[in-house]
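In what follows, every chain begins at residue 1, and chains take the letters A, B, ... in the order their sequences are listed.
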Amino acid sequence: MAEPAIRLERLVKRYGEGPAAVEALKGVDMAVYPGEVVGLIGPSGSGKTTLLKCLGAVIEPTAGRMVLGSETIFDDGWKVRDLRALRRDRIGFIFQAPYLIPFLDATDNVALLPMLAGRSDGEARARALEVLGALDVAHRAAARIAELSGGEQQRVSIARALANKPPIVLADEPTAPLDSERALTVVRILNRLATEYHAAIIVVTHDEKIIPTFRRIYRIRDGRTVEEPGEGRPLD
Amino acid sequence: MINLAVRDVAHGIGRYVATAVGLGLLIGVTLTMGGVYRGMSDDARAFLRATGADVWVVQQHTLGPFAEASTLHDDAWRSIRGLPGVAAVGNATFLTTQVRYGERWVRVMVLGFEPGRPGEPGYLVDGRPVTRSHYEAVADVQTGFRLGERVRIRRNEYTVVGLTRRMVSQAGDPMMFIPLRDAQEAQFLKDNEAIVNDRARLAANPRVNRPGVPGVLEAVGELQTSNRSVNAVLVRVAPGADPAEVAANIKRWKRLQAFTSTEMEEILVGTLIERSARQIGLFLAILALVSVAIVAFIIYTMTLGKLKEIAVLKLIGTRNRTIAAMILQEALGLGVIGFLIGRISATLWGPLFPRHVLLLVEDSARGFGVTMVACVLASLVGIRMALRVDPAEAIGG
Ligand SMILES: Nc1ncnc2c1ncn2[C@@H]1O[C@H](COP(=O)(O)OP(=O)(O)OP(=O)(O)O)[C@@H](O)[C@H]1O
Ligand SMILES: [Mg+2]
């Protein structure tokens, strides 16, 4: 198999210090490959969000190693200086709620990322339209966020996550508020995009409706991950 | 790159503009206050210029008729006339009084002057100068009097024969010019009842009303009712003469106080208007503080409503600088729009004020500077809050 898009080795995250410290991650090993969608599941308080925040470089792990492509980005300390640029260029975020910027239209919500990465407005908007097209919302490109349906907002937010073609996409309970038909549509989209954009997509979820669709699952319990094969139920 | 501030403002344009209008009216009030003060000093200067005096001679040990009572004998001018550098002298009385005009009372400053001498009104916008020595008047247009109309000052009626413009007292009352004799009568003469009373008292006084010496009673009575006082003597100096020197001479040789018109201006502006200035200064300070508070509050609530978006913006890699710039620009935008609205409204409502409101360009520039600084200060609250937002908050629990 090819080189993993992201690899974690014995990743530890402790909150606080001394006797009151909480060790949320106790040595997590994980490898996710380009083009695959893996599930990250586990009971409440098991450390899913903590792991996602470490992967997203928004909190600093306490120890261990994180390798992004062939670059070690964390080895008992950050190995990259500009975490902001790392998040912007190499990680896509999809949230439970779309969290779009209400004062920008659909296109600019997506185009903002390439713009922040230094692309020209024209180039960024062309990229945004392309990704919105891939998500079948190109016809709503000029709409204000408040004018979009919930499903459309979710797609625009997925488009935003993919706008800089990041090798890794982190999705935090992306289907929680959706009914099962819509939830499966989102998973279908994520699978297609993983293939089209060669992205490694990690989906944190509780959602029983979509868990059977993963081919590979990391189950996290008490701060440690166990890799399991998923059912890989076909999405017609 | 998209300008986030412009987009955010455009998104909530109604609230933004409403805030700017509110702020603008406040700035308008502030500018007007400053304009009122400027108008006061300008009125004082216009008044001094209107009298045409280079040197003011007033009662010894006083600051002149506008600061305290100043009474001179109306012969004092004779001894001043001969001093070197003196071109012309004129007696003047100043009386602020109510003038009966039809059904209403108008508050005016009556200047009693001698025709052809300093104190006579200069440029007339309409009508003619006073030619008769009694019962004619020149009035400022601001009194509302019209040519040919008759107005009552104290006991006498006067015909308005000429009109001036921008001649107001240091207190902003429009001026009226009447012949000195009439003015002395109006200012110093007792009313009939008082005269009758005094006469009766004199007649009852055996030391004055002596049997067999009838002239004494009459002479004393005449002295009592005579009016030989003026408030100031106005001096115009000869071309090339130094008013300060002339004033110094008068002070040295005559038992009189003399001020150059510059010193008189200082007395008017410095002592009489100074308290108003401090009052207005305090108002300005409070208004500036209120403006800062309003902008700060509105920027704070605007930022508060965007914290989730700011967390997302940070998470996806927006620089702190970009977010701070957005908030700062929104605050400055409020200031710029507010200032424009304020300046325009001050210009529009300025003429409605009873006193002259003088909006100086340098005051506006200063006001603009203060507004901008206030907006920067106000934005700091919002910026501080935005910079504290943790991008991890976007991910939630
Ligand atoms: N900022 C923090 N400070 C201290 N402890 C924390 C913090 N965030 C999380 N924890 C603790 O770390 C552990 C893992 O939390 P985490 O949020 O990762 O769980 P989770 O799997 O996302 O749970 P849920 O499914 O309920 O969202 C929990 O015991 C939690 O109390
Ligand atoms: Mg969680």
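- Looking at A:Arg119, neither its backbone nor its side chain comes within 4.5 Å of chain B, counting heavy atoms on both sides.
- Panel note: side chain A:Arg219, backbone A:Ile41; no donor-acceptor pair is recorded below 3.5 Å.
- With a threshold of 4.5 angstrom between heavy atoms, B:Ile310 does not approach chain A through any atom at all.
- Checked for salt-bridge contact, A:Arg65 and A:Asp76 miss the test: no charged N lies under 4.0 Å from a carboxylate O.
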Residue pair A:Val169, A:Tyr197: steps toward the side-chain contact (heavy atoms from CB on, under 4.5 Å) verdict: CA-CA 10 Å; A:Val169 174; A:Tyr197 289 85; over 6 Å; no

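- In this structure, the portions of A:Pro102 lying under 4.5 Å from any heavy atom of chain B include both its backbone and its side chain.
- Salt bridge status for A:Asp105 with A:Arg125: absent, with no side-chain N to carboxylate O gap under 4.0 Å.
- Ion pairing of B:Arg38 with B:Glu362 is absent here, as no side-chain N (NZ or NE/NH1/NH2) approaches a carboxylate O to less than 4.0 Å.
- Neither the backbone nor the side chain of A:Arg90 comes within contact range of chain B; no heavy atoms are under 4.5 Å apart.
- With a 4.5 Å cut-off on non-hydrogen atoms, A:Phe93 touches chain B through its side chain but not through its backbone.
- For the residue pair B:Thr347 and B:Arg343, a side-chain donor N or O sits within less than 3.5 Å of a side-chain acceptor on the partner.
- Only the backbone of A:Leu100 has a heavy atom closer than 4.5 Å to any heavy atom of chain B.
- Neither the backbone nor the side chain of B:Ala311 comes within less than 4.5 Å of any heavy atom of chain A.
- Contacts between A:Ile101 and chain B at a heavy-atom distance below 4.5 Å involve backbone atoms as well as side-chain atoms.
- Remark: the backbone N or O of A:Arg88 is paired with a side-chain donor or acceptor of A:Asn164 at under 3.5 angstrom.
- For chain A, the nearby part of B:Lys314 is the backbone; its heavy atoms alone come within less than 4.5 Å.
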